[in-house]
Number of protein chains: 2
Amino acid sequence: MSGSGAPTASLPAEDPTGLQSFAVLLRRMNSEFNRIAQEFAQEQGLHLTDMQALIAILDADSDPDAAGEPMTPGRLRGQLNLTSGAVTACLDRLERAGHIRRVRDAGDRRVVHLHYAEAARGLARDYFRPLARSTDAARGRFSPEELEVVVRFLAEMNAELALLRRHSA
Amino acid sequence: MSGSGAPTASLPAEDPTGLQSFAVLLRRMNSEFNRIAQEFAQEQGLHLTDMQALIAILDADSDPDAAGEPMTPGRLRGQLNLTSGAVTACLDRLERAGHIRRVRDAGDRRVVHLHYAEAARGLARDYFRPLARSTDAARGRFSPEELEVVVRFLAEMNAELALLRRHSA
DNA sequence: TAAAGTATCTCAATGATTGAGAGATACTAG
DNA sequence: CTAGTATCTCTCAATCATTGAGATACTTTA
């Protein structure tokens with residue numbers, strides 16, 4: 001610390017539940033997640049983009065919560081912040097590797113629905129298993145009441161972040 | 001959900017503090033963070049990689065907690081999972097844009113220390129401000145005792161993730 | 001001093017991403 | 001029903017970040 005400009009400085013982040021603590025913890029968690037994701041993707045010969053796309057497809061396809069509809073290239077484009085060309089290339093790679101199938105929608109034939117192949121499920125499981133184990137290990141150290149608090153916080157946090165998303169759009 | 005292989009299936013994630021809920025919440029949070037980071041980077045004409053590098057440099061340079069030492073290309077390489085060429089290119093971009101300076105270490109002259117320029121601080125502030133606001137908004141809805149629980153959970157989670165990192169290395 | 005080790009950089013090749021535009025299909029109004 | 005407009009996906013040449021082997025400069029050990 002060079003004690004530079006900012007008059008708000010010299011807060012040694014001593015408050016363990018202060019904003020600073022949260023910022024540090026959340027940032028670190030994000031970094032770790034990303035590093036793990038990237039490492040796994042690399043091991044599988046995939047790119048981080050491919051991995052993100054695959055997970056988004058799996059989520060949409062198996063989770064009726066998201067929208068009930070399977071993923072489409074267009075939605076992926078928005079969700080991953082890619083251009084159309086990049087989405088096509090990414091899906092080409094995933095399809096060539098046998099992780100997904102493209103299926104023309106019967107109703108609107110401009111639309112392509114993205115379905116995962118069974119192999120992709122295994123891949124996702126392999127990816128999530130260690131993360132799940134870690135999460136479970138952490139969960140195990142808290143009482144049900146405490147877990148409820150944590151879940152509530154995460155939900156609130158997500159709601160705020162979603163808000164932030166719209167705000168800047 | 002096609003009710004495939006796994007005998008652990010058919011958990012409709014009804015348990016609001018179950019592992020499933022945590023997985024979904026954490027994953028979503030991670031995605032949002034990444035999307036926000038990427039959008040911001042794009043607005044600034046930077047890449048996500050550059051942004052991550054810049055933050056790592058800022059953290060190391062201003063946070064004595066990390067190591068006391070400023071960041072170096074070598075450490076960045078490990079932290080961001082890049083090759084040497086990519087690190088050099090990334091630092092070239094950041095230096096050209098005036099965000100960082102490269103300074104040869106006096107003691108070991110093979111080593112380059114990375115320091116941020118003042119402009120970079122402003123950039124980081126602009127990046128973190130909305131995130132801080134969101135975090136604060138969420139924080140505001142919890143009692144001090146509850147916040148303590150959340151912080152403890154995040155810390156535990158990070159500890160587990162760090163463990164995971166070593167395990168796979 | 002020689003040899004081995006370490007930190008960073010160089011550069012040609014690779015390949016993901018961009019971005020404009022084409023092609024195909026859907027809606028909407030005359 | 002037809003023309004016109006909007007939407008969804010894909011194509012393709014250009015761009016540019018990344019890779020990876022090696023060069024360079026410095027340090028440490030023998």
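Because the structure is a prediction, the values reported are computed rather than measured. The sequence lines fix the lettering, A, B, ..., with proteins before strands; numbering per chain opens at 1.
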Does A/D105 have any salt bridge (Lys or Arg N to Asp or Glu O under 4.0 Å) partners at least two apart in sequence or in another chain, and if so, which?
-> none

The complete set of side-chain hydrogen bond (donor to acceptor under 3.5 Å, both in side chains) pairs with one or both residues in residues 148-161 of chain A, sequence neighbours excluded, reads A/E148-A/R152, A/R152-B/E146, A/E156-B/R141, A/E160-B/R141

Pairs satisfying salt bridge (Lys or Arg N to Asp or Glu O under 4.0 Å), at least one member in residues 46-56 of chain A, at least two apart | A/D50-A/R93

Taking heavy atoms of chain B and a 4.0 Å limit, find me the 5'-most and 3'-most nucleotide of DNA chain D within that range.
-> D/dA17 to D/dT27

Result for 5'-nearest mapping on DNA chain C, choosing between A/T49 and B/L91, is B/L91

Short side-chain to backbone donor-acceptor contact, A/R104 and A/R109, under 3.5 Å | yes

Any Lys/Arg nitrogen of A/E32 or A/R28 sitting under 4.0 Å from an Asp/Glu carboxylate oxygen of the other?
-> no

Salt bridge A/R133-A/D136, side-chain N to carboxylate O under 4.0 Å = no

Show the atom names and distances, to 0.1 Å, of all donor-acceptor pairs under 3.5 Å that link a side chain in residues 79-92 of chain A to residues at least two apart or in another chain.
unit_1	atom_1	unit_2	atom_2	d
A/T88	OG1	A/S84	O	3.2
A/D92	OD1	A/R102	NH2	2.1

Applying salt bridge (Lys or Arg N to Asp or Glu O under 4.0 Å) to A/R96 and not counting sequence neighbours gives none

Could you check A/Q42 against A/T72 and say which one's nearest nucleotide on DNA chain D is further toward the 5' end?
-> A/T72

Looking at residues at least two apart in the chain, or sitting in another chain, which of them share a side-chain contact (heavy atoms from CB on, under 4.5 Å) with A/R27?
-> B/I55, B/D59, B/F128

Distance in Å, A/L26 CG paired with B/L131 CG, rounded so as to fall on 0.5 Å steps | 9.0 Å

Please identify each residue that fulfils side-chain contact (heavy atoms from CB on, under 4.5 Å) with B/A37, with sequence neighbours left out.
-> B/L48, B/Y127

In residues 96-103 of chain B, what residues come within less than 4.0 Å of DNA chain D, judged by heavy atoms?
-> none

Answer yes or no: is there a donor N or O on one side and an acceptor on the other, between the side chain of B/T17 and the main chain of A/V151, under 3.5 Å?
-> no

Hey, can you pull the residues of residues 77-85 of chain A with a non-hydrogen atom under 4.0 angstrom from DNA chain D?
-> A/S84, A/G85

Could you give the CG-to-C1' distance, from B/L48 to C/dT17, as a whole number of Å?
-> 14 Å

Enumerate all atom pairs, one protein N or O and one N or O from nucleotides 26-28 of chain C, separated by less than 3.5 Å.
unit_1	atom_1	unit_2	atom_2	d
C/dA26	OP1	A/G107	O	3.3
C/dA26	OP1	A/R109	N	3.0

Summary of ring pair (Phe, Tyr, Trp, His ring centres under 6.0 Å) pairs that have at least one residue in residues 136-159 of chain A, sequence neighbours excluded | A/F22-A/F153, A/F142-B/F153, A/F153-B/F142

